[in-house]
Each structure stands twice: as structure tokens, then as C-alpha cells.
Q: 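Dumping the structure here so I can ask a few things about it.
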Amino acid sequence: MVIKIKGTKPSRRNFLKAAAAAPVAAMAGGQAFAEEADPAIIEKQPWTQFLGDGVDARPYGMPSQYEADVVRRDVPWLTADPVSSVNFTPLHELDGIITPNGLCFERHHAGIAEIDPGQHRLMINGLVDTPLVFTMEDLMRFPRENHVYFLECAANSGMEWRGAQLNGCQFTHGMIHNVMYTGVPLRLILEEAGVKTSGKWILPEGADASAMTRSIPMEKAMDDCLVAFKMNGEALRPEQGYPVRLVVPGWEGNMWVKWLRRIEVGDQPWHHREETSKYTDLLENGQARRFTWEMDAKSVITNPSPQAPITHGPGHMVLTGVAWSGRGTIPRVDVTIDGGENWVQARMSGPSLNKSMHRFYHEFDWDGSPLLLQSRAHDSTGYVQPTKDMLREVRGENSIYHNNGIQTWYVNEEGIAENVEIS
Ligand code: MTE
Ligand code: CO
């Protein structure tokens with residue numbers, strides 16, 4: 001196999017050397033006692049000498065001061081103004097499958113609406129027997145359900161269509177979060193209003209200054225959509241649409257209308273801005289793909305990665321990452337450490353839920369030579385995550401949305417990782 005590394009330019013010579021190197025014996029994670037005494041053991045630390053804060057000091061708990069770097073980050077040059085912009089989930093700092101509420105990426109077109117729930121209403125109108133208006137209290141009196149779902153913006157990895165660009169999985173893959181929603185099945189609310197037989201589409205609308213709208217087919221609305229008011233057990237954060245948002249499992253994040261104030265029932269799609277000039281993919285032949293709602297299976301190695309280098313030197317190491325599919329579960333993820341010459345099946349750990357993030361691990365002995373890391377997701381329909389070149393063959397290079405190609409990280413002898421492409 002000829003390996004061509006595109007994007008940034010790591011040393012190819014070193015990689016070839018790595019391929020020839022023999023693996024070394026396993027090394028335990030701990031260390032033998034050093035000659036010199038370890039101050040972390042023999043000296044009295046301040047936290048052993050003074051009383052800590054009492055139970056009245058932290059009415060709403062926050063992370064340790066030593067976790068201050070674990071934050072959402074934006075890419076300033078991506079957008080003209082932060083009120084119509086995006087920040088990214090720090091995937092390289094997380095484990096398991098649940099995204100903590102304060103770290104869920106944010107994407108808004110007109111800033112965060114700060115809504116008084118007492119003044120918020122949800123209206124159902126259009127092709128229904130009885131147009132209805134619900135208060136938040138009304139919504140709470142419907143039977144509710146709990147489901148864990150990922151939300152991925154269709155533009156996730158969009159900057160990578162033409163080549164490796166952003167250095168970190170937070171930036172290349174961080175327009176995703178995975179939380180447990182509590183909400184009312186949209187079907188129950190639509191049935192309450194009584195959808196006329198001519199009602200084939202819905203148009204959810206947000207209460208923010210962008211009044212965002214998307215057309216959604218009635219089959220999806222009646223299937224698994226939720227009108228959600230809780231995430232991970234507590235009220236939605238204002239950033240995520242407090243007091244109520246639409247949950248459209250497996251489908252592109254843009255359709256998950258936040259600050260949901262109105263649902264119109266119609267007999268055809270509306271062809272609004274977000275489904276014409278945006279969230280469509282211009283192909284090489286000048287035609288555009290439209291209504292590409294489902295998110296294809298995808299995965300990324302989160303550690304090591306450019307923001308999470310290997311810091312411990314050769315020996316036993318843990319590689320981990322996440323995988324997801326808008327069409328079901330992820331029964332299998334393959335990983336390679338040599339740019340695709342050899343693939344092994346990763347170890348999945350954690351709940352395998354429909355349209356939710358999955359966590360995988362691969363433990364191996366690093367011999368200290370350069371690595372080309374990739375992961376490849378298989379979903380429950382049998383679909384296998386494609387390479388970026390396979391995607392470009394079909395869709396050209398004009399697209400921004402729906403880039404689910406295989407990601408490569410090059411790791412050098414020092415453990416420093418970079419975003420590259422190989423072909
Ligand atoms: N809903 C409203 N009302 N306004 C918005 O700007 N942005 C959409 C969608 N819903 C948006 C919205 C987009 S493009 C995405 S990817 C998701 O919300 C982002 O959800 P999050 O901010 O909870 O991550
Ligand atoms: Co989006």
C-alpha cells in the first residue's frame with residue numbers, strides 16, 4: 001500500500017520506520033518506588049490540614065478548579081459574529097457516552113433566547129381539527145418518556161471536505177452531544193389537535209429572533225420525535241432551547257428546533273431557507289442533494305488526538321473514541337494504528353442505545369514509533385463508515401454538510417498528534 005499523507009506534513013520516513021519496528025513488551029501503568037521520596041506522598045498537602053467547604057458553599061455544583069480547561073471552544077474565523085455561530089463539545093476531555101449539560105456544543109442563528117417559561121406558549125395550527133395552545137404546565141400533563149439521543153449538526157466536520165484543516169477532534173467532530181431527554185412524544189400532541197388526513201408535513205418554529213423553521217414529514221413526527229423539556233434530568237439549558245425543544249432522533253441537528261413555540265401542519269414542505277440555500281449539498285454536476293435528513297454512521301478517535309497527545313512515553317496505552325448512527329446502534333468499530341494496513345475490532349463499553357453515541361476502546365503497547373490512527377464504524381443496518389475519498393468520489397468537493405468520512409490522526413515519536421489525510 002502506498003501511503004500519501006495530505007494536509008499537514010509529518011515525516012513519512014519515520015512512519016515507514018515504525019511499520020518495520022517490532023512491538024515491545026507490555027508495561028504496567030504504575031511505577032516502581034523511586035530512589036528519591038515523592039513529595040506527593042511524604043509531604044502534607046494543604047487539603048489534609050484544613051477543613052473544606054461546607055454543604056452550604058456550593059448550592060449548584062461545579063467541576064474542580066483543575067478542570068478549568070474542559071470547556072466549549074469556538075473557531076473565531078469561522079463566522080462573522082458570535083450570535084450566529086457555533087462552539088464545540090470538548091470530546092477529547094470526555095468519557096462514557098453522556099455529554100454533561102454545560103459542555104454540549106451550541107449552535108444558534110440569533111443568539112440565546114432567555115425565555116420566561118410562564119410566558120412561553122406552544123401553538124399547533126394549520127391542517128388540524130382543533131388548533132391548540134399549550135402552556136408549559138399543559139405539556140407536563142401528557143405522558144412523558146426518557147430517551148438518550150445524539151444531536152449532530154449536519155455541518156459537523158464540514159471544514160474538512162477539501163482536506164485536513166482543524167487540529168483537534170473538538171473542532172473536527174465537536175458539533176455533537178448526547179444526552180438523555182425527557183419529553184412528550186410529538187405524536188400525542190398532534191393527536192390532541194387532530195391532524196387532518198391532508199396533513200402530511202409539519203413546520204416547527206423557534207421563538208428566538210431567528211424564528212427558525214424546518215419542514216418535517218408527518219411519518220417522522222408521528223414516529224419518535226419528542227417535545228422535550230429536560231436534558232440529563234434537569235431543565236434544558238437556555239443554550240439548548242429552554243424551556244422546550246424538538247428532538248428529532250437520528251436526523252440532522254438543524255431540525256431540532258429550540259425554544260419551540262409553534263408547529264404548523266401542512267400538506268407539503270415549505271422550502272424555507274434552512275432547507276434550500278442551507279443544509280443542501282451541491283454536487284459536481286450542479287444538482288443539489290436535498291432533504292438529506294438522516295445522519296450516517298460516523299466515528300472518531302478522541303484520545304489520542306491533537307488536543308490530547310500521548311504524554312506517558314512508550315508502553316501500555318489506552319485509545320478511545322465515540323461512534324454513532326442516525327439509523328440505529330453501533331455493534332462494531334474497527335481501529336487501525338498503521339493507517340489501514342491492519343484493522344482490529346475495538347472493545348465497546350457502555351449502553352448500546354438506538355440513535356445514541358457509543359464508546360469504544362483499544363488497549364495496546366505503543367513501541368514509541370509514529371502512528372496513523374483511524375476508526376471505522378459499522379451500524380446495525382450493515383452500513384460501514386466510508387473514507388473521505390469515497391465520499392468525494394460520489395459528492396465532489398462543494399459540500400459542507402454530511403461529512404462522515406474516516407478521520408486520521410498522525411502521532412509522532414513524541415506523542416504529538418496532528419490532523420492528516422492518507423490515501
Ligand atoms: N433552533 C432555533 N430556534 N434556532 C437556532 O438557531 N439552530 C439549529 C438547531 N435548532 C437553531 C435551532 C442547529 S443548526 C443545530 S445544529 C441545533 O439546533 C444545535 O443544538 P444545540 O445548540 O443544542 O447544540
Ligand atoms: Co446545525
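First listed ligand is number 1; within each ligand, the first listed atom is number 1.
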Q: Check ligand 1 against Glu239 and write out every atom of the ligand that is under 4.0 Å from a heavy-atom position of the residue.
A: 22 (O)
Q: Quick one: nearest non-hydrogen protein atom to atom 11 (C) of ligand 1, plus distance?
A: Met212 SD, 3.4 Å
Q: Quick one: does Glu106 get an N or O within less than 3.5 Å of an N or O on ligand 1?
A: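 In this structure, Glu106 places no N or O atom under 3.5 Å from an N or O of ligand 1.
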Q: Near Trp256, which atoms of ligand 1 are under 4.0 Å from a heavy atom of that residue?
A: 9 (C), 10 (N), 18 (O)
Q: So, using salt bridge (charged side-chain N to carboxylate O under 4.0 Å, His left out) as the criterion, who are the partners of Lys196 when residues are at least two apart?
A: Asp129
Q: Can you report which non-hydrogen protein atom sits closest to atom 1 (N) of ligand 1, along with the distance?
A: Lys258 N, 2.9 Å
Q: Could you check which of Asn254, Asp208, Ile176 puts a non-hydrogen atom nearest to atom 2 (C) of ligand 1?
A: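 Residue with the shortest heavy-atom distance to the ligand atom: Asp208.
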Q: With heavy-atom distances below 4.0 Å as the criterion, list the atoms of ligand 1 near Ser210.
A: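 In order of number, 4 (N).
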Q: What are the atoms of ligand 1, with element, lying closer than 4.0 Å to any heavy atom of His108?
A: 6 (O)
Q: Assign the ring pair Tyr279 / Tyr401 to parallel, tilted or perpendicular, where the plane angle (0 to 90°) is split at 30° and 60°.
A: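 Parallel.
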Q: Going by atom types only, do Tyr410 and Glu421 share a side-chain donor-acceptor pair under 3.5 Å?
A: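 No pair is found: no donor N or O on one side chain lies under 3.5 Å from an acceptor on the other.
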Q: Checking the N or O distance criterion of under 3.5 Å, is ligand 1 in contact with Phe105?
A: yes
Q: Taking it one step at a time, do Asp367 and Ser369 satisfy side chain to side chain donor-acceptor pair (under 3.5 Å)?
A: CA-CA 6 Å; Asp367 63 6; Ser369 54; 2.5 Å; yes
Q: Return the orientation label for the Phe105 and His177 ring planes: parallel under 30°, perpendicular over 60°, tilted otherwise.
A: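 If you compare the ring of Phe105 with that of His177, the planes turn out tilted.
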Q: Write down the atom of Trp201, the atom of Gln268, and the distance for their closest heavy-atom approach.
A: CD1-CA, 3.4 Å
Q: Any atoms of ligand 1 less than 4.0 Å from a non-hydrogen atom of Gln240? List them with their elements.
A: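 Taking each heavy atom of Gln240 in turn, ligand 1 has 21 (P), 22 (O), 23 (O), 24 (O) under 4.0 Å.
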Q: Show which atoms of ligand 1 fall inside a sub-4.0 Å distance from at least one heavy-atom site of Trp259.
A: 2 (C), 3 (N), 4 (N)
Q: Can you tell whether the side chains of Arg72 and Glu239 come within less than 4.0 Å, N to carboxylate O?
A: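 Counted as a salt bridge, because a side-chain N and a carboxylate O are separated by less than 4.0 Å.
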Q: Considering the heavy atoms of Cys153, write down every atom of ligand 1 situated less than 4.0 Å from one of them.
A: 16 (S)
Q: Any non-hydrogen atom of Tyr279 lying under 4.0 Å from ligand 1?
A: yes
Q: Only heavy atoms of Gly206, strictly under 4.0 Å: list the atoms of ligand 1 that pass.
A: 3 (N)
Q: Where the closest heavy atom to atom 20 (O) of ligand 1 is concerned, which of Arg245, Met175, Met255, Glu252 has it?
A: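 Result: the heavy atom closest to atom 20 (O) of ligand 1 is in Arg245.
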Q: If the plane angle is over 60° it's perpendicular, under 30° parallel, otherwise tilted; pick one for Trp324 and Phe150.
A: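 Aromatic pair Trp324/Phe150 classed tilted.
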Q: Does NZ or CZ of Arg392 come closer than 6.0 Å to the centre of the six-membered ring of Trp161, within 45° of the ring's axis?
A: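 No.
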Q: Around atom 9 (C) of ligand 1, find the nearest protein heavy atom and jot down its residue, atom name and distance.
A: Gly253 O, 3.3 Å
Q: Check whether any side-chain N or O of Thr329 sits under 3.5 Å from a backbone N or O of Pro331 as a donor-acceptor pair, and report yes or no.
A: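 Judged by distance alone, no pair lies under 3.5 Å.
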Q: Taking distance alone, with no angle check, do Arg107 and ligand 1 share an N/O pair under 3.5 Å?
A: yes
Q: Should we count CD of Gln45 as having more than 12 external heavy atoms under 6.0 Å?
A: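 Atom CD in Gln45 is packed in, count exceeds 12.
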